[in-house]
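When a residue number appears, it is its place in the shown sequence, counting from 1.
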Amino acid sequence: MNVLLDTHTLLWLVSKPGTVNPEVLSQLADPATTVSVSAASAWEISIKTKLGRLDGTTLLATWNSQMEAMRVEDLEIDSADAILAGRLPWEHRDPFDRVIVAQALRRNLTIATRDATILAATLTPTLKA
């Protein structure tokens with residue numbers, strides 16, 4: 001399985017892994033599962049940290065080592081992702097969620113999320129984290 005972590009799922013895995021559904025934790029730990037994190041998540045964490053809405057300073061300072069320790073692959077945002085994100089037939093306004101969904105769609109990834117809006121949209125396969 002190829003899984004793309006939603007930003008909150010990534011944050012839970014780093015700081016409160018017990019918050020994540022045990023079945024999803026097991027799937028993410030399976031060596032046959034490829035786990036990715038979108039550059040959109042780094043961007044979102046950075047912006048929310050700058051605005052004082054999140055304390056992501058330590059995570060951002062240790063980003064590469066944290067992702068390596070978690071066996072997580074970095075997923076860059078390309079122009080095709082951005083174009084699809086803007087064109088999604090979805091009224092959701094969160095640009096980070098739109099990019100994550102677009103990336104999952106383009107790459108046939110399953111999103112690990114508990115975001116009700118992403119889950120309800122059924123635009124891509126999901127794991128309820």
Heavy-atom distance under 4.5 Å between the side chains of Glu23 and Leu127, does that happen here? no
Mind listing the closest non-hydrogen atom pair of [X] and [Y] along with its distance?
X	Y	answer
Leu28	Arg71	O-NH2, 3.0 Å
Phe96	Ala40	CD2-O, 3.6 Å
Ser15	Pro17	C-CD, 3.6 Å

Let me check something: do Leu10 and Ile77 share a hydrophobic cluster, defined by ILVMFWY side-chain heavy atoms less than 4.5 Å apart, either directly or through other members?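 Result: no, two separate clusters.
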Same cluster for Leu25 and Leu119 if Ile/Leu/Val/Met/Phe/Trp/Tyr side chains link at under 4.5 Å?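 Not linked; separate clusters.
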Donor-acceptor pair, [X] side chain versus [Y] backbone, under 3.5 Å?
X	Y	answer
Thr113	Asp115	yes
Arg114	Ala129	yes
Thr9	Ala112	yes
Thr110	Thr126	no

Roughly how far apart are [X] [atom1] and [Y] [atom2], rounded to 0.5 Å?
X	Y	atom1	atom2	value
Thr19	Leu13	OG1	CG	9.5 Å
Ser38	Asp6	OG	CG	9.5 Å
Gln103	Arg98	CD	CZ	13.5 Å

Report the C-alpha separation of Asp78 and Arg107 in whole Å, then their side-chain angles, then the decisive distance to 0.1 Å, and conclude whether the salt bridge (charged side-chain N to carboxylate O under 4.0 Å, His left out) test is met. CA-CA 12 Å; Asp78 64 26; Arg107 294 166 180 84; 3.6 Å; yes
Hydrogens and angles aside, do Asp94 and His92 bring a side-chain donor and acceptor to less than 3.5 Å of each other?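 No - no donor-acceptor pair under 3.5 Å links their side chains.
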What's in the same ILVMFWY side-chain cluster as Trp90, cut-off under 4.5 Å, chained through other members?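 So far as hydrophobic clustering goes, Trp90 is joined with Leu4, Leu75, Leu84, Leu88, Ile100, Val101, Leu105, Leu109, Ile111, Ile118, Leu123.
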Apply side-chain contact (heavy atoms from CB on, under 4.5 Å) to the pair Lys128 and Val24, showing each step before the final yes or no. CA-CA 7 Å; Lys128 190 170 182 183; Val24 173; 5.8 Å; no
Report the C-alpha distance between Val37 and Met67 in whole Å, list the side-chain angles of each, state the deciding distance to 0.1 Å, and finish with yes or no for side-chain contact (heavy atoms from CB on, under 4.5 Å). CA-CA 8 Å; Val37 170; Met67 297 306 110; 4.2 Å; yes
Give the C-alpha distance, both sets of side-chain angles, the deciding distance and a yes or no for side-chain contact (heavy atoms from CB on, under 4.5 Å) between Leu5 and Val35. CA-CA 7 Å; Leu5 301 177; Val35 181; 3.7 Å; yes
Distance-only criterion, 3.5 Å: show the donor-acceptor pairs between side-chain atoms of residues 46-60 and protein atoms not counting sequence neighbours.
from, atom 1, to, atom 2, distance (Å)
Lys48, NZ, Glu44, OE2, 2.8
Thr49, OG1, Ile45, O, 2.7
Thr49, OG1, Gly56, N, 3.1

